[in-house]
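For the numbers below, each heavy atom of this structure counts, side chains included, while hydrogens, waters and symmetry mates do not.
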Amino acid sequence: MNDQERLISAYSRLWKGREAAQQASSIQEISSLAEDELADRLTHPRLRKGRETKFTEIKDRIRSSALPDEDQEILICFYRSLML
């Protein structure tokens with residue numbers, strides 16, 4: 001499994017309950033979904049949190065997941081790259 005396939009697989013396992021995450025099959029699709037998460041677009045505008053706060057929450061979710069350490073690192077690096 002190459003790095004892109006591993007990232008896509010890890011992403012879909014992290015967000016098991018989200019249909020869009022389960023159907024994502026490319027880096028572009030998960031990048032778009034991850035941008036929505038970081039921008040907190042799925043939350044009512046008055047309740048949205050900042051990107052840094054969302055990144056911290058997502059990182060905590062990744063660290064507390066049952067994913068292998070290598071998959072956790074891949075996901076954190078992926079989200080960190082979106083923050084730049």
### Summary
Smallest heavy-atom separation, Arg48 atom then Ala39 atom, equals CD-O, 4.0 Å
### Query
Is the closest side-chain heavy-atom distance between Ser25 and Glu29 below 4.5 Å?
yes
### Query
Hey, what do you get for CG (Asp60) to CD1 (Ile62), rounding to the nearest 0.5 Å?
9.5 Å
### Nearest heavy-atom neighbours spanning Lys49 and Thr53
CD-CG2, 3.9 Å
### Message
Per the salt bridge (Lys or Arg N to Asp or Glu O under 4.0 Å) rule, what does the pair list look like for residues 73-84, sequence neighbours excluded?
### Response
Arg63-Glu73
### Task
Taking all heavy atoms of Asp36 and all of Arg41, pick out the closest pair and write down the distance.
OD1-NH1, 2.6 Å
### Beyond-backbone contact of Asp71 with Arg13, side-chain heavy atoms, under 4.5 angstrom
yes
### Summary
In this structure, CG of Asp69 is separated from CD1 of Ile76 (nearest 0.5 Å) by 9.5 Å
### Query
side-chain contact (heavy atoms from CB on, under 4.5 Å) with Ser31: which residues, sequence neighbours excluded?
Ile27, Phe78
### Task
Give the minimum heavy-atom separation between Ala34 and Leu82, together with the two atoms involved.
CB-CD1, 3.4 Å
### Task
Say whether, by atom type as modelled, one donor and one acceptor occur between the side chain of Glu35 and the main chain of Ile30 under 3.5 angstrom.
no
### Message
If only side-chain N and O atoms count, and only distance matters, is there a donor-acceptor pair under 3.5 Å linking Ser32 with Gln28?
### Response
no
### Message
I need the single residue from Glu37, Lys54, Lys59 that forms a side-chain hydrogen bond (donor to acceptor under 3.5 Å, both in side chains) with Tyr79. Which is it?
### Response
Glu37
### Summary
Correct closest heavy-atom pair for Ala21 and Ser12 would be O-CB, 3.5 Å
#### Entry: Nearest heavy-atom neighbours spanning Ile74 and Arg6
CD1-CD, 3.3 Å
### Task
Treat each ILVMFWY residue as a node, draw an edge where side-chain heavy atoms are under 4.5 Å apart, and state whether Met83 and Leu33 are in one component.
yes
### Message
Heavy-atom count check: over 12 atoms from other residues, nucleotides or ligands less than 6.0 Å from Asp3 CG?
### Response
no
#### Entry: Glu5 side chain to Asn2 backbone, donor-acceptor under 3.5 Å
yes
### Query
Which residues satisfy the salt bridge (Lys or Arg N to Asp or Glu O under 4.0 Å) test with Arg61, sequence neighbours excluded?
none
### Message
I need the Leu75 CG to Ser9 OG distance, nearest 0.5 Å.
### Response
9.5 Å
